[in-house]
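Whatever order the structure lists ligands and atoms in, that order sets their numbers, starting from 1.
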Amino acid sequence: MKKTIAVIPGDGIGPEIIAEARKVLEKVAAKYGHTFVYDEVIAGGCAIDQFGTSLPKEMLEKCLASDSVLLGAVGGPKWDGVAKEIRPEAALLGIRSALGLYSNLRPARLFPQLADASPLKPSIVAQGIDLMMVRELIGGVYFGEKRTVTLENGERRASDEMVYSEHEIERVARVAFETARKRRKKVTSIDKANVLDSSRLWRAVVHRVAEEYPDVECSDMLVDNTAMQLVKNPSQFDVVVTENMFGDILSDEASMITGSIGMIPSSSLGEGTRGMYEPIHGSAPDIAGQNLANPIGTILSAAMMLKYSFDMPEEAERIEQAVSDTLDAGFRTADCMSEGMTRLSCS
Ligand code: NAD
C-alpha cells in the first residue's frame with residue numbers, strides 16, 4: 001500500500017522524536033511491502049522564523065493533500081512574545097480545525113515494566129492503569145470568542161467564551177461509546193454541571209446518546225473529582241469523555257501516573273480516515289538537543305496512524321509489541337531510567 005504522510009517535525013525535541021518514528025515506519029514498510037511518502041511540513045515556531053507565520057497556506061495544503069499527518073511538537077519560549085494569531089500553537093488549532101478533527105483519543109496505559117516510574121504508590125499501580133481519554137478537540141473555550149477590553153477606569157478585563165452546540169457533543173460522545181464497545185464497555189463523562197451551562201448541556205446530550213448504547217455502562221463525574229480519582233483509583237476508568245480544556249488538563253495528569261509524558265501517543269480524527277497523530281507532550285525546550293527525549297509517544301502515535309487511518313492493524317500491533325519487547329530487554333530513555341537498566345537516546 002502507498003500512503004502519503006505529512007510530517008511536521010516542529011520545534012524543540014520535535015525533529016529528534018520524528019526522526020525515530022520515521023525509522024520505525026521504514027522498518028514496517030520494508031517488512032510489509034508498503035511505501036510511505038513523507039511530505040515535510042514546516043509549521044510552528046520554525047515557520048514563524050522562516051515565513052513570519054506558524055502555518056503558511058501552502059503548508060496547510062500539504063496536510064490537506066496527505067493521507068494523514070504525523071506531528072512532533074511545536075512551540076518554545078523563543079516565540080512566547082509573538083502575536084496570538086501567529087503563535088506556534090495556532091498552527092495546531094488551524095490544522096485541527098481545517099481537517100475537522102473533532103475527537104482526540106489519548107490512551108493512558110501503564111507498561112508493567114515501567115511500574116517503578118509511576119509516582120503513585122505500588123498498591124495503586126498494582127490495580128493496573130489502562131484508560132482511553134476521548135477529548136473534544138475543536139470546540140469549547142479554546143475556540144470561543146476571546147476579548148480583552150480596557151474599562152473606563154483603565155483596568156483591563158479579559159474573557160474567553162466556552163461554547164458547545166448539541167451536535168458537537170453528540171459526535172464526540174458517539175466516538176466514546178463506540179470506543180468503549182471495543183474495550184471494557186464503560187464510559188465516564190466528565191463535566192462541571194454543578195456550575196457551567198455548557199456542562200449541563202454536555203451531560204444531557206451524553207445521556208441521550210447513551211440510550212443508543214445499552215450494552216455500555218455510562219456515568220458522570222465532576223472534573224475536580226476526576227482530577228482526584230485519577231491519582232486515588234485510576235483503575236476504575238475505561239473510557240473517559242470530556243470537553244476540550246478539561247481533556248487537555250486531565251490527559252497530562254493521566255500520562256504522568258503511567259510513568260512519563262513521553263510515552264503517550266494520540267490520534268485526532270474527524271469524519272473520514274485522515275487524522276493527525278502526535279505525542280501528547282510539548283516541544284520540551286528544556287531538554288532539546290541533549291539526547292534526553294523519549295520518542296516512544298511519537299512511535300506509538302505512528303502505530304495509531306497505521307491502525308486508525310491506514311487500516312494496518314497487524315503492523316500497528318508489531319510496533320506496540322516492539323516497544324514492549326524493548327522495555328522487557330531493559331532499555332530505557334532518561335525520563336524512565338531506573339537502576340540496572342541500559343540508557344537509550346534518540347541519536
Ligand atoms: P512539555 O510537554 O514540552 O514538557 C513538560 C515536561 O515534560 C518537561 O520537563 C519536558 O522535558 C518533559 N518532556 C516532555 N516530553 C518529553 C519526552 N518526549 N521525553 C522526555 N521528557 C519529556 O510542556 P511545556 O514545557 O509546558 O511546553 C513547552 C512548549 O511546548 C510550550 O511552548 C508549549 O506551548 C508547547 N506545547 C506544544 C504542544 C504540541 O505541540 N502539541 C503541546 C503542549 C505544549
Among all protein non-hydrogen atoms, which one is nearest to [atom], and what is the separation to 0.1 Å?
atom	answer
atom 30 (O) of ligand 1	S283 N, 3.1 Å
atom 25 (O) of ligand 1	P285 CD, 4.6 Å
atom 34 (O) of ligand 1	E89 OE2, 2.4 Å
atom 40 (O) of ligand 1	V74 N, 2.8 Å
atom 1 (P) of ligand 1	G282 N, 3.5 Å
atom 39 (C) of ligand 1	L92 CD1, 3.5 Å
atom 11 (O) of ligand 1	D286 OD1, 2.9 Å
atom 22 (C) of ligand 1	I287 CD1, 4.0 Å

Is the shortest side-chain N to carboxylate O distance from [X] to [Y] below 4.0 Å?
X	Y	result
R174	E212	yes
K185	D215	no
K78	D11	no

Exercise for review: Kindly assign one of parallel, tilted or perpendicular to the pair W202 and Y164, based on the angle between their ring planes and the thresholds 30° and 60°.
Suggested key: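 Judged by the thresholds at 30° and 60°, the geometry between W202 and Y164 is perpendicular.
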Practice item. Indicate the ring-plane relationship of H34 and Y32, choosing parallel, tilted or perpendicular according to the 30° and 60° boundaries. Key: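 Correct class here is parallel.
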Exercise for review: Examine ligand 1 and decide if any of its atoms is less than 4.0 Å from a heavy atom belonging to I17.
Suggested key: no
Check your understanding: Under a heavy-atom criterion of less than 4.0 Å, does G76 contact ligand 1?
Key ->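 True for this residue.
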Exercise for review: Using a strict 4.0 Å cut-off to heavy atoms of E278, name the atoms of ligand 1 that fall inside it.
Suggested key: 41 (N)
Check your understanding: Should you measure from each heavy atom of A293, which atoms of ligand 1 turn up under 4.0 Å away?
Key ->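 The list of qualifying atoms is 19 (N).
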Study note, to complete from the structure: The option among T333, I261, D80 carrying the non-hydrogen atom nearest to atom 14 (C) of ligand 1 is I261
**Study point:** Contact check, side chains of V187 and V241, non-hydrogen atoms, under 4.5 Å
**Key:**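 In short, these two side chains touch, coming nearer than 4.5 Å.
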Check your understanding: Is there side-chain contact between S189 and R203, with heavy atoms separated by less than 4.5 Å?
Key -> no
Review point. Does the protein place any heavy atom closer than 4.0 Å to atom 36 (N) of ligand 1?
Key: yes
**Study point:** Non-hydrogen protein atom less than 4.0 angstrom from atom 5 (C) of ligand 1
**Key:** no
Check your understanding: Are a donor atom and an acceptor atom from the side chains of N294 and T333 found within less than 3.5 Å of each other?
Key -> yes
Review point. Can you find a side-chain donor-acceptor pair between S118 and D116 that sits under 3.5 Å?
Key: no
Review point. N/O to N/O below 3.5 Å, does that happen between P279 and ligand 1?
Key: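 In fact, backbone or side chain, P279 has no N or O that close.
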Practice item. Please say which of L110, I299, L114 ends up in a side chain to side chain contact (heavy atoms under 4.5 Å, CB included) with M263. Key: L114
